[in-house]
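Each chain gets a letter, A, B and so on, in the order the sequences are listed, and its residues count up from 1. Bear in mind the structure is a predicted one, so any value in this text is a computation, not a measurement.
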2 protein chains.
Amino acid sequence: MSRSHTNVSVQVIEEEACPLAEVLDHVAGKWSIGVLVAAAHGPVRFTELERAVEGISRRMLTLTVRKLERDGLLSRTVYPTVPPKVEYELTDMARELYGTLRSLTDWAQRHRTDIVAARARYDAAQQA
Amino acid sequence: MSRSHTNVSVQVIEEEACPLAEVLDHVAGKWSIGVLVAAAHGPVRFTELERAVEGISRRMLTLTVRKLERDGLLSRTVYPTVPPKVEYELTDMARELYGTLRSLTDWAQRHRTDIVAARARYDAAQQA
DNA sequence: CGGTATCCGGTTCGATACTG
DNA sequence: CAGTATCGAACCGGATACCG
């Protein structure tokens with residue numbers, strides 16, 4: 001366990017951390033990931049998203065898709081029919097991100113029980 | 001672009017999205033990622049984190065490391081010396097996650113300007 | 001169908017001051 | 001050095017009602 005910790009590595013940290021913070025500002029938020037995942041398999045309509053992303057309110061779905069659209073992660077296509085039809089789709093940029101999201105998912109699934117266990121241990125230690 | 005959207009894929013979405021939401025509850029939050037990245041290169045002391053994660057307040061750093069420790073992502077070692085010395089380090093579980101965090105970073109760097117451009121385009125279109 | 005508008009409670013977070 | 005305590009502002013997000 002070498003402690004090769006210098007000013008240089010602190011510099012590196014800042015360069016790494018800042019763009020990452022930016023991504024999260026775009027991608028985090030309670031519902032963003034859920035919406036991206038739900039839209040990943042093809043064009044999806046508003047109501048389909050509403051059903052797929054379980055628990056989301058209409059308001060939050062609107063705000064979330066707007067934000068994702070603004071950041072260029074989601075494309076929105078309006079068909080001026082009656083009744084109106086709107087389709088959302090991942091942009092190429094978002095499709096690249098999706099792979100990383102999947103590896104996050106995989107990590108979460110592998111360590112789900114570990115996290116629960118860690119919490120139980122921590123809480124038990126505190127209450128003592 | 002086939003629209004092979006069925007009940008089955010909706011099922012898949014829910015199975016994927018839920019654990020992902022859980023990860024984010026652990027890992028998101030304004031500062032978590034920054035702290036994890038800052039702690040990735042070896043044992044780091046509290047004050048070092050405070051300097052490395054630019055903009056974080058003492059309070060938020062405390063809350064963040066506590067949360068990460070509780071979830072088993074960060075280990076906390078106290079040396080009972082005067083003055084006190086506390087070192088934080090990624091757990092093995094967190095080190096696995098770090099790879100994914102890096103690919104998030106890489107994505108962010110590749111598309112940083114794309115996102116800025118997308119926003120400018122969107123905002124211009126709205127104000128019109 | 002695909003949204004908006006408004007209200008409002010809860011949580012988050014920064015600022016500040018204090019401590020073993 | 002490594003925290004804790006308290007306060008208030010800002011923001012987030014749910015509920016509800018309405019609209020082209």
Side-chain angles (χ1 to χ4, degrees), chain A residues 3 5 10 17 21-22 24-36 38-39 43-71 74-89 122 125-127, chain B residues 3 5 10 17 21-22 24-35 38-39 42-71 74-89 122 125-127:
Chain A
R3 301 225 18 230
H5 176 216
V10 172
E22 285 174 28
L24 289 172
D25 282 353
H26 309 314
V27 148
K30 202 174 177 183
W31 303 105
S32 301
I33 306 284
V35 170
L36 286 178
V44 187
R45 300 182 62 169
F46 188 86
T47 313
E48 289 176 321
L49 283 176
E50 199 173 357
R51 279 191 299 264
V53 183
E54 203 172 1
I56 197 169
S57 65
R58 185 157 302 185
R59 176 181 131 88
M60 288 318 294
L61 181 53
T62 301
L63 291 179
T64 303
V65 294
R66 288 288 180 275
K67 187 185 174 195
L68 292 174
E69 187 196 359
R70 182 165 112 100
D71 288 344
L74 221 51
S75 74
R76 179 169 176 272
T77 311
V78 181
Y79 300 92
T81 58
V82 278
K85 176 178 171 182
V86 179
E87 281 187 341
Y88 294 93
E89 202 170 353
Y122 183 91
Q126 296 310 305
Q127 153 258 40
Chain B
R3 301 223 20 230
H5 178 215
V10 171
E22 285 175 28
L24 289 172
D25 281 353
H26 308 315
V27 147
K30 203 173 176 184
W31 303 106
S32 302
I33 306 284
V35 169
V44 187
R45 299 182 62 168
F46 187 85
T47 313
E48 290 176 320
L49 283 176
E50 198 173 359
R51 279 190 300 263
V53 182
E54 204 171 0
I56 197 170
S57 66
R58 185 155 303 185
R59 177 181 131 88
M60 287 318 294
L61 181 53
T62 302
L63 291 178
T64 303
V65 295
R66 288 285 181 276
K67 187 185 174 196
L68 292 174
E69 187 195 358
R70 182 165 113 100
D71 288 344
L74 221 50
S75 74
R76 180 170 175 271
T77 312
V78 182
Y79 300 91
T81 58
V82 277
K85 177 178 170 181
V86 179
E87 282 187 339
Y88 294 92
E89 203 170 352
Y122 183 92
Q126 295 313 303
Q127 153 259 38

Undergrad: In the structure I gave you, are the side-chain heavy atoms of Pro84(B) and Val78(B) within less than 4.5 Å of one another anywhere?
TA: no
Undergrad: Within the 4.5 Å heavy-atom criterion, are Arg66(B) and Tyr122(A) side-chain neighbours or not?
TA: yes
Undergrad: Given axes from five pairs at either end, by how many degrees does the helix from dC1(C)-dG20(D) to dG20(C)-dC1(D) bend, rounded to 10°?
TA: 60°
Undergrad: Out of the candidates Arg45(A), Glu87(A), Lys85(A), only one should pair with Tyr79(A) under the side chain to side chain donor-acceptor pair (under 3.5 Å) rule; please name it.
TA: Glu87(A)
Undergrad: Base, backbone or nothing for each nucleotide of nucleotides 4-20 of chain C, written B, S, -, heavy atoms under 4.0 angstrom, 5' to 3'?
TA: B-B------BBB----B
Undergrad: Under a 4.5 Å cut-off applied to non-hydrogen side-chain atoms, are Leu63(B) and Met60(B) in contact?
TA: yes
Undergrad: Would one find a side-chain N or O of Tyr88(A) under 4.0 angstrom from OP1 or OP2 of dG3(C)?
TA: yes
Undergrad: Working to the nearest 0.5 angstrom, can you tell me the gap between Glu69(B) CD and Tyr88(B) OH?
TA: 7.0 Å
Undergrad: Do Thr64(B) and Val53(B) come close enough that some side-chain heavy atom pair is under 4.5 Å?
TA: no
Undergrad: Given atom CG of Leu61(B) and atom P of dT4(D), what is their separation to the nearest angstrom?
TA: 11 Å
Undergrad: Of all the heavy-atom pairs spanning Leu49(A) and Ala38(A), show the shortest one and how long it is.
TA: CD2-CB, 3.8 Å
Undergrad: Atom CD of Glu48(A) to atom P of dC1(C): distance rounded to whole Å?
TA: 11 Å
Undergrad: Which heavy atom in Glu48(A) sits nearest to a heavy atom in Pro43(A), and how many Å separate them?
TA: OE1-O, 4.4 Å
